[in-house]
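See below for the structure under consideration.
Along the sequence shown, the residues carry numbers beginning at 1.
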Amino acid sequence: MTVNQLAIFIENKSGKLLKVLQLLKQAGIQIVATTIADTLDYGIWRIICDNPKKAYDMMRENSVSVTMSEAFALKLDNVPGAAADALKIFADEGIGITYLYSFLLGGNGILLFRTDDEEKTRKVIVEKSLATIDDAGLAELI
């Protein structure tokens, strides 16, 4: 139902993102999806990878500011409108999406998101029998 994502705080300076990418490369970590939200002084780089625990530990050992958290992950058919249909279910239940990103993997759409009500979101996912994916499921699709 959820996957672990890393949020890495990176200064908006030349070479800072490259440093983290090189650490991931050296550790043999495969990035599955990423998104960056930036501000004036720093960016928040969220990543989904094949081994989030290893990536998290390696970054901490190298003094990279990182957190690991869970995000909901739905596995969707790769057809137009699948994401809209899924999000309508949450909107109809009064659940707000606080952030979202999506990607294709193994011929499936993956919708990764956080909401303003985790407990209600879990309940809706179960009640509506929505297809979810976890870290192990993602790793199998890589």
With S69 via side chain to side chain donor-acceptor pair (under 3.5 Å) - residues at least two apart: R114

Cluster link M1 to M68, ILVMFWY, side chain under 4.5 Å: no

Heavy-atom check, side chain of C49 versus side chain of Q30, under 4.5 Å: no

Closest heavy-atom pair and its distance - T115, E118: OG1-N, 3.7 Å

Output side-chain donor-acceptor pairs under 3.5 Å for residues 76-84, partner residues at least two apart or in another chain, one line each.
none

Point-to-point distance, once rounded to the nearest 0.5 Å, from CD1 of I8 to CG of L21: 8.5 Å

For residues 123-142, dump all side-chain donor-acceptor pairs below 3.5 Å to protein atoms at least two apart in sequence or in another chain.
unit_1	atom_1	unit_2	atom_2	d
D134	OD1	A136	N	3.3
D134	OD1	G137	N	2.8
D135	OD1	N4	N	3.0
D135	OD2	N4	N	3.4
D135	OD2	N4	ND2	2.7

Other cluster members, F9 - Ile/Leu/Val/Met/Phe/Trp/Tyr, side-chain contacts below 4.5 Å: Y42, I44

Shared hydrophobic cluster for I31 and L112 (ILVMFWY, side-chain gaps under 4.5 Å): no

Value rounded to 0.5 Å, distance of CG in N51 from CD1 in I29: 5.0 Å

Pairing residues for E11 by the side chain to side chain donor-acceptor pair (under 3.5 Å) criterion, not counting sequence neighbours: K13

Listed once per pair and sorted, the salt bridge (Lys or Arg N to Asp or Glu O under 4.0 Å) pairs that draw on residues 56-69, sequence neighbours left out: K53-D57

Short N-O contact, R122 and E70, less than 4.0 angstrom: yes

Under 3.5 Å: donor-acceptor pair, side chain of D117, backbone of I95: no

Residues that D92 engages under salt bridge (charged side-chain N to carboxylate O under 4.0 Å, His left out), provided they are two or more places apart: K88

Less than 3.5 Å apart, which donor and acceptor atoms pair up between the side chains of residues 99-106 and the rest of the protein, not counting sequence neighbours?
unit_1	atom_1	unit_2	atom_2	d
Y99	OH	Q5	NE2	2.0
Y99	OH	R46	NE	3.4
Y101	OH	Q5	OE1	2.8

Trace of the side chain to side chain contact (heavy atoms under 4.5 Å, CB included) decision for M59 with L24: CA-CA 8 Å; M59 285 188 221; L24 292 167; 3.5 Å; yes

Spacing of CG belonging to N108 relative to CG belonging to L74, to within rounding of 0.5 Å: 12.0 Å

Trace of the side chain to side chain contact (heavy atoms under 4.5 Å, CB included) decision for V64 with L23: CA-CA 10 Å; V64 174; L23 288 171; 3.9 Å; yes

Any donor-acceptor pair under 3.5 Å from K75 side chain to G109 backbone: no

Between CD1 on residue I97 and CG on residue L111, distance to nearest 0.5 Å: 7.5 Å

Under the ring pair (Phe, Tyr, Trp, His ring centres under 6.0 Å) test, residues paired with F113 that sit two or more places apart: F72, F90

Any residue meeting side chain to side chain donor-acceptor pair (under 3.5 Å) with D85, in chain and number order, not counting sequence neighbours: none

Residue pairs passing the ring pair (Phe, Tyr, Trp, His ring centres under 6.0 Å) test where at least one lies in residues 120-142, sequence neighbours excluded: none

Residues forming a side chain to side chain donor-acceptor pair (under 3.5 Å) with K25, sequence neighbours excluded: none

